[in-house]
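Comments concern the structure below.
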Amino acid sequence: MKEEENVYVNKHGKRIDNRGIDEIREIKITIGVIPEASGSAYLEWGQNKIYAAVYGPNEFVPKHSSDPLRAQVKFNYRMASFSVPDRKNPKPGRREIEISKVLGEALERTIFLERFPGTQIEVETHIVDSNAGSRVAALTAASVALADAGIPMRSLISACGVGKAGGHLIVDLNKHEEDAPDAVDIPLAVMANSNEVVLLQMDGLISKEEFNEVMQKGLTACQQVYEKQKAVLKEKFLDAEKEVPSKEDLSEEKNDLNGNSKPEAPEAMDSMQGGDLL
Amino acid sequence: MKEEENVYVNKHGKRIDNRGIDEIREIKITIGVIPEASGSAYLEWGQNKIYAAVYGPNEFVPKHSSDPLRAQVKFNYRMASFSVPDRKNPKPGRREIEISKVLGEALERTIFLERFPGTQIEVETHIVDSNAGSRVAALTAASVALADAGIPMRSLISACGVGKAGGHLIVDLNKHEEDAPDAVDIPLAVMANSNEVVLLQMDGLISKEEFNEVMQKGLTACQQVYEKQKAVLKEKFLDAEKEVPSKEDLSEEKNDLNGNSKPEAPEAMDSMQGGDLL
Amino acid sequence: MKEEENVYVNKHGKRIDNRGIDEIREIKITIGVIPEASGSAYLEWGQNKIYAAVYGPNEFVPKHSSDPLRAQVKFNYRMASFSVPDRKNPKPGRREIEISKVLGEALERTIFLERFPGTQIEVETHIVDSNAGSRVAALTAASVALADAGIPMRSLISACGVGKAGGHLIVDLNKHEEDAPDAVDIPLAVMANSNEVVLLQMDGLISKEEFNEVMQKGLTACQQVYEKQKAVLKEKFLDAEKEVPSKEDLSEEKNDLNGNSKPEAPEAMDSMQGGDLL
Amino acid sequence: MSEILWELQTDRIVSDLKAGKRLDNRGLNDYRKIEISHDVSENADGCARVKLGKTDVIAGVKFVPGEPYPDMPDEGSISVGVELLALASPDFESGPPRENSIELSRVVDRGVRESKSIDFKKLCIKEGELVWIGFVDLYVLNYDGNLFDACSIAAVAALKKARFPKLDGKKIVKGEYSSEIKLSKIPIMTTFYKVGSSIVMDANLVEEKASNARLSISCSDDKTMCAMQKGGNGSFTPEEVSKCVELALEKSKELRKLL
Amino acid sequence: MSEILWELQTDRIVSDLKAGKRLDNRGLNDYRKIEISHDVSENADGCARVKLGKTDVIAGVKFVPGEPYPDMPDEGSISVGVELLALASPDFESGPPRENSIELSRVVDRGVRESKSIDFKKLCIKEGELVWIGFVDLYVLNYDGNLFDACSIAAVAALKKARFPKLDGKKIVKGEYSSEIKLSKIPIMTTFYKVGSSIVMDANLVEEKASNARLSISCSDDKTMCAMQKGGNGSFTPEEVSKCVELALEKSKELRKLL
Amino acid sequence: MSEILWELQTDRIVSDLKAGKRLDNRGLNDYRKIEISHDVSENADGCARVKLGKTDVIAGVKFVPGEPYPDMPDEGSISVGVELLALASPDFESGPPRENSIELSRVVDRGVRESKSIDFKKLCIKEGELVWIGFVDLYVLNYDGNLFDACSIAAVAALKKARFPKLDGKKIVKGEYSSEIKLSKIPIMTTFYKVGSSIVMDANLVEEKASNARLSISCSDDKTMCAMQKGGNGSFTPEEVSKCVELALEKSKELRKLL
């Protein structure tokens, strides 16, 4: 058993849960699970189970902290007390506050904030079960909920963890792998249409070469997640008339984004809503 | 001794403190004990000792949470750290917050809130000694303080606990009785003029028949409390010119209240202040 | 060793750190150490090391608590967790809140608050190392930072601790002396130009005669501190054209201050800024 | 919705109810469709999800080994807490618990506790040294009225499925369980909302907002009540209370069968 | 009252005091009527109520057995806290303690502590294991000025009556007591308020609001001071301080007789 | 500065950087002058002050003896916290830590922790009973940008100098020390700010405010990274990330020599 534990990829190239090194766990997404919200999604990613809801854009509270030029995202990443092996204190902890901050910033990159000056877009995510990768799962769910709410975005945000365990570079680590003595954990999220990195964190010892290799795996994995997101949104927007813009159509936009952080002119953005992102 | 403890009503029909099963503990009320307040009362109910003060109606703070159509009651039920056998943490606990909420709601039923739109009526009660029944005592004291403050009310609120101990249905349980293995504790408060129930809580196992029987005892006990309240207010309003409206005079009002929760027309209410309730 | 400890002044009239009974520890002051602030100072007083910064006058936050007739001082006395022998909880404690209050009040006495109605003057002090007397050191530093910020004052505030240890009346107690079994600790601060007492606290058993004697020592010590403050400010305001007002020139002002708490007319105050106080 | 529209809607609901008509055509004492499921969280020692129409809550149980109180050395404890997630409604805000969630938590807690369905002595591991402390945490996922009953059902449903973790000394062996917690009774809470002069069970959100008084009655078995709580700034006549008691015992009998 | 009216009232008080006249015709160093009673709370291990004119405060003592600090294994402790109840004044708000109540608490605490009237070694039950932790909690019932002196008197009066609960092992036997706590001295605090150029003792609320500086002096016996605190954004001359010291020792001698 | 002026300044900085020009004429990957000193606090068990241009932070270490976690009976712990003192900037407010200081604290903490430069087993005093709990507390004295790198250097510099207090049983002997803590590696964090399409290292305050994305990379030695954090509501292309990784390893090699 002890020995077993240290074998993260067996001779058949399979991991402890029988996945290949580049294989992500099963993802199931349901849209519109929270009727009270402007948009919502329920996402299962392996054992991870997450509810995401979007409210707004609404008037910013408190008013004197609002931004007169754009909307602000208030992201809330919360874990149920029973979502982890050891009971979590129900009060939000410092880890949840940090994750809420970076996930909210990732979403702000993709939302056309300038269209809703002075408002807040509230994104609430609640983790009810977890097993490594809950933050990328929460961000993935939140992005779908935003699309469900009809918030105009440049791209869906697609996220996945990558990293290392037992010397192997792998995607979508589970808890067992995250606990490896040499574990490296890299939560990653991109704007799916452009591969721009909007979330990137890392813990663990890794060389430059390994990092560059695993990043490539991560970009591929994010595209797989993107396919899942698109599939479920397509189902919802089946009868939408507009064409889905292809990756090529977005290339101009992409260059713009890399070059300049100033708000785009509104007229350039008017076709990027809900089902349009698929 | 051990056996003694389990005898809650002896063969002479007497309880451990020599009361009969329908007998309430001694109640003493003093009006106007807190000169800084708009109205105030000090109440002793057995060992329970309570100060109550009313401030307002004042402008609601914070203003954006005010109700433009009516006043709101902010009730504060607080226990001194030394008011209970084990020292209480001076910070208000969840029990105090819950009790504050239900006592405040009980008072809102009787106050003509519509006369003071956008305001708050602050009701502060402080328990300095206790021995079972402090919440009904606090509500009883608060009602007298409101009358002392001249806040117009439909009726005084009169309260009393009832329940069960050692198989007996009894009124106004003391701590010893509340700790009986089969104890049932029912804090009850009514609008004294109409017997409408404004406070009702219960803990403990009880049948429908027992409950109905003990509720009757409770209504009777509340009327006894009402007599005490009236007596002390009469003393204060001795030289008031107006006649005290009899229970019969209030019957029309009563029917109205049961039927419809909408604000009464102001003209119907203008004689219901201070001493007028007695 | 044990015996040694109880000898607070040896036969040569020297204290454990080789000071005479009326001798203060070495004081070093540097001005302008915090470029972001309106004014700042770094002060070493024996082992005590303190940063002080002044921001403002700025609009008062929250606005509804501002004083329409004058500025308010918000004083913050904070200790680094590692500034004391036992690690201090980084959260501000009750001691820090009390000291912040009395030091802020001491400064309010000397600032021409009436010139900046509706504003706040933020005075931040941070103790990074300590060894008895950190509050008088903080006040001394804050006063220099206020002068550096150009806030108009009636006088510099100069502070020093005095007290008793091992039966001796001494100035500027160190930690060892403060821990004497019969220790008396008296933090004292005056408006240096008038000797008016703006800070006075005391802990420990002392007779009237001893108190009066040690107060005199304290007034003298504060003047020594004042000389240090002046020296460093003079350096900064070397090229200032105006003459330093002498103690005599301030006597009229002084009488006024003792007599009446009403705001002085602005025209009487216009020469009391920055280097003018030296 | 504006204040005025609310008043108009309230008037309409009140007069409809007087005529015995509910918005969704239910009878005054009918519950919405109740769905109970348990695949909420594998990390919980017991869990449940309850949908009451569109009201949606989850409950999870976690057992933590701890020291007993000195005055009850052979008893563990259970505590129930409800959080009104900002996720669930535009009416809820994230932040520290307010009086609404505190009242809700405490009323749900008392409904379970006072039924005496859990023998706290069975939560004792070693007298005077180690006992189980059980946390039943509830989260509201979607708020469409009558949280009292939904949360109460979810708490009981989660406890019914709860298992004690396996212990190795004082430490929990992750993912392994020893025995189930046994509930000797199934306490059921039913809540009555007074809207105008009518009283309805299982109010949805608009009914709840139109109401001014609430009475929750918990029944530990078909004949016995164990807890009550009146809320709201309205009132009940003694006769109405009697009627509610009667109905609570009847209706809880029905609901108990679902668990 | 409006800002302007306050200024006018302040001017009036200042000029009256210059002429030696107080609003209620007291001399500058006269206290209002002081009433001390003890029937506040049977649940307290010691208690007192003090009325200073219309200023009204209560104090209650509770002893709790606890572990000593490692560096003082044979000493218990006493801590004093004052709460400015919203009950007592429109100026007070319910909520966490602010700087005013923190300063008041700490100054009253030091007045008692620094007098060394309580031997903390006598609060030791078993060295290194169990000591008494005493809590003196004060509540202001009505605020008409000079809380410092009223609270100080109440704290000492409550402590004088305080008794240690009887112990059964480490647990308190409810309602039974072993011995009284002994105070070796009776510390008395007297507070001076500077209003304009005048200094008064036992200021009532309007005087206190008109003042800009305060000096509290605690005396442990007829000849010895034990604590001081200057407050407010005004100042005292060294001569004024000397005068206050003189008066504090005199006046505390009188007040001590009441206890 | 008004919103409009900021926008104009940002435009200017962006276009200057495109031309390879920084406000203070540094190269895009040049650091400001770094000064490290250690005479911060004698009461600290280890301390450092780091100036990065005008950015000024201090770090102090305190060791406290405590009980180990049950699941790691032979390991002590280290925790890092940064406080953004109101002293340091008009942008900072006193009060409870907000998300900015929480993120900063946690990122600096991970930079040290994940490097595995500290063997937590060497913080064990007696297995299962007593371990050292180390607190590295950082305070910002003046804020002129790039707190991530400044705090990270200060934390490591303070830890390098840190000594364990001497123990007498479970109590610390004040002012005496036993041995130094040994760092097996010197972790160095370098932070990249994206301003328009340019990326700069060691941004000063105006550059930081003009930027919309940040990438911090910690390197445990010349060839190995140990932690990363992207912040801000902008993005990096994968190519930019690769470039930053390359530069981080290079630059941290240089900076490591300062420690």
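Note on naming: letters A, B, ... go to the chains in the order of the sequence lines (proteins, then strands), and numbering restarts at 1 for each one.
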Select, from B:A37, B:P92, B:A80, B:P90, the one with the greatest count of heavy-atom pairs under 4.5 Å involving chain E.
B:A80
Are side-chain heavy atoms of [X] and [Y] found at a separation under 4.5 Å?
| X | Y | answer |
| --- | --- | --- |
| B:E36 | E:K54 | no |
| E:E42 | B:N131 | no |
| B:R78 | E:E83 | yes |
| B:R87 | E:D137 | yes |
| B:P85 | E:N43 | yes |
| B:D129 | E:V40 | no |
| B:P35 | E:D144 | no |
| E:I58 | B:V128 | yes |

Under 4.5 Å heavy-atom distance to chain B, tell me which part of E:A59 shows up: side chain, backbone, both or neither.
backbone
Given that the side chain runs from C-beta out, which part of E:L205 has a heavy atom under 4.5 Å from chain B: side chain, backbone, both or neither?
side chain
Once you round to the nearest 0.5 Å, how far does [atom1] of [X] lie from [atom2] of [Y]?
| X | Y | atom1 | atom2 | result |
| --- | --- | --- | --- | --- |
| B:Y55 | E:L87 | OH | CG | 6.0 Å |
| B:E124 | E:L141 | CD | CG | 12.0 Å |
| B:Y51 | E:N142 | OH | CG | 10.5 Å |
| B:D86 | E:I172 | CG | CD1 | 7.0 Å |

Around atom [atom1] of [X], are there more than 12 heavy atoms of other residues, nucleotides or ligands at under 6.0 Å?
| X | atom1 | answer |
| --- | --- | --- |
| E:D168 | CG | no |
| E:E35 | CD | yes |
| E:K122 | NZ | no |

Heavy-atom pairs under 4.5 Å with chain B: which of E:L85, E:D91, E:V64, E:D56 has the most?
E:L85
Contact leader toward chain B among E:G60, E:A88, E:G81, where contacts are heavy-atom pairs under 4.5 Å:
E:G60
Under 4.5 Å heavy-atom distance to chain E, tell me which part of [X] shows up: side chain, backbone, both or neither.
| X | answer |
| --- | --- |
| B:E44 | neither |
| B:S40 | neither |
| B:N48 | neither |
| B:V84 | backbone |

May I ask you to check whether E:Y139 and B:F82 place their ring centers less than 6.0 Å from one another?
yes
